[in-house]
2 protein chains.
Amino acid sequence: MKNRCENCIVRQFNSLRAMSKEELKRVSDSKITKTIKKGQAIFEEGEKLNGVFCVRDGVSKLSKLSANGKDQIVKLASKGEVMGQRSVIAEESTNLSAVAVSDMEVCFIPKEGIVDALHKNPNFTVEVLRHMAHDLREADDVIVNMSQKTVKQRIAEAFLYLRDNFGADTDGFLNVTLSREDIANVVGTATESCIRIISEFKKKEYIKTSGKKIGVVDEKKLRDLVDGF
Amino acid sequence: MKNRCENCIVRQFNSLRAMSKEELKRVSDSKITKTIKKGQAIFEEGEKLNGVFCVRDGVSKLSKLSANGKDQIVKLASKGEVMGQRSVIAEESTNLSAVAVSDMEVCFIPKEGIVDALHKNPNFTVEVLRHMAHDLREADDVIVNMSQKTVKQRIAEAFLYLRDNFGADTDGFLNVTLSREDIANVVGTATESCIRIISEFKKKEYIKTSGKKIGVVDEKKLRDLVDGF
DNA sequence: GGCAAAAAATGACATTAATCAGTTTTAAAA
DNA sequence: TTTTAAAACTGATTAATGTCATTTTTTGCC
């Protein structure tokens, strides 16, 4: 097998880089690489996870079903991100579902290697902790945005976020392509409202579209809108 | 000094219980106990914290100022909770302000003792990690509630939450007393809307009020409302 | 106890966003 | 290619919530 974690570029981006050589070797020996097709589920809300998933390629949406039957997308995970760690660490079933938004390649890492390293390698644990502290801070920001910003502001922000975090191609179109429904589920609004606002942004030339693809055209205008002028 | 952390009942509720005798002794020797008056700030958004605050008595609101000038209350911390750990762990300035909602007694624990234990005592680190994983999960739930539930549902839920987490006195009134503005800032709505809904709940006899105090009267009705009937 | 200031409450109105119903477009399958 | 289903879009309407203005009540203070 040539795909050793030790050589995996993706490790740069997550807490695994704080593991010792031996720990990483063990992880590498026990991991299973999977190919996931767009639209396929990686795990579902309520499941007990026996390990974590490390994203090598592609993007996954992490969402939670609300009482009214709508999915709320809480996070988008891409290259380097580890999914399911919360569940493994807290020894609870997951509170989120993970579904591929594009074709993906992920590595499943059985929890034993992770849990063991957590108890034996303080550097690794602190690294994971740091990462989680950061996630928590981001979650606070999301809460504030959700409750204090209008749908229009949240959609504008989402486009800027997507571009800054996942990049754009040479023509300026976002690398991640989400359906209108998914965008609506990210910002927490009705699909129709989302579509209407996208049309409006397009008419005002804040963004451009080509099929499902969306591109940021006028960053400043979008930014001003987010900040309330 | 008689207030040793080793004997502090509050420790039961937080990660400090995973510290070794020696570590705890050190923390106890370096801590400073403070009395905070209702309305007073403990720390402000953007500050660099040199330690964490352990709540011995009273309740504090943790909030974040949004672009439109409104405070969003992200969490209420009471007996046993540790505030500011995220900032210390991630070595970033705080993203939240902490203001006393009632008269409080808190212990300030300089970060050195904490950081040291994090690097040397894996049990402690894992305990902190577990706690944070739990907080993150809760934050996800808040995000979903904020975006998918109506203001009415969120207010109903807030009352149930306050009663379940902070209790009620013998007359059935909540132990934590928040101003209408604070309640509005917890659920993320305008103060007037909040007041209107409180009046409605009172008229329908879901809750009762006495001055600022609020009591849950019809738990089932509130619960049904939260769950969408 | 009386005064000033803050908090709570209410009404009228404007705005935002959800819902329902339907059409057009796109993508996928037979 | 044709057919069908899903996704994107549009319009009309309704419901929820925010805003502004004003009054009433409560609270802290001298």
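Convention: sequence-line order gives letters A, B, ...; per-chain numbering from 1.
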Roughly, in whole Å, what's the span from [atom1] in [X] to [atom2] in [N]?
X        : N      : atom1 : atom2 : result
A/Glu181 : C/dA27 : CD    : C1'   : 16 Å
A/Glu192 : C/dT23 : CD    : P     : 16 Å
B/Ile198 : C/dT10 : CD1   : P     : 11 Å
B/Lys152 : C/dA17 : NZ    : P     : 19 Å
A/Lys213 : D/dA8  : NZ    : P     : 14 Å

Any side-chain N or O of [X] below 4.0 angstrom from OP1/OP2 of [N]?
X        : N      : answer
B/Lys212 : C/dA7  : no
A/Thr191 : D/dA8  : no
B/Arg180 : C/dA9  : yes
A/Lys70  : C/dT19 : yes
B/Ser193 : D/dG18 : yes
A/Thr189 : C/dA18 : yes

Checking contacts here: which listed nucleotide ([options]) is nearest the side-chain heavy atoms of [X]?
X        : options                : answer
A/Ser179 : D/dT17, C/dT19, D/dA8  : D/dA8
B/Arg196 : C/dT19, D/dT17, C/dT10 : C/dT10
B/Ile195 : D/dT10, C/dA17, C/dA9  : C/dA9

Between atom OG of B/Ser87 and atom CD of B/Glu45, what is the distance when rounded to the nearest 0.5 Å?
-> 12.0 Å
What closest approach, in Å, do A/Ala100 and A/Lys37 show between heavy atoms, and which atom pair accounts for it?
-> CB-O, 3.6 Å
Of A/Gly211 and A/Gly188, the one whose closest nucleotide on DNA chain C sits nearer the 5' end is A/Gly188
Across the strands shown, which category fits A/Lys202 at heavy-atom distances under 4.0 angstrom: base, sugar-phosphate, nothing?
-> nothing
Candidates A/Gln72, A/Arg86, A/Lys75 - the one meeting side-chain hydrogen bond (donor to acceptor under 3.5 Å, both in side chains) with B/Asp140 | A/Arg86
Hey, which of these two, B/Thr150 or B/Lys38, hits DNA chain D nearer its 5' end, going by closest nucleotide?
-> B/Thr150
Take atom NZ in A/Lys213; do more than 12 heavy atoms of anything else shown fall under 6.0 Å from it?
-> yes
Say whether, by atom type as modelled, one donor and one acceptor occur between the side chain of B/Ser102 and the main chain of B/Lys38 under 3.5 angstrom.
-> no
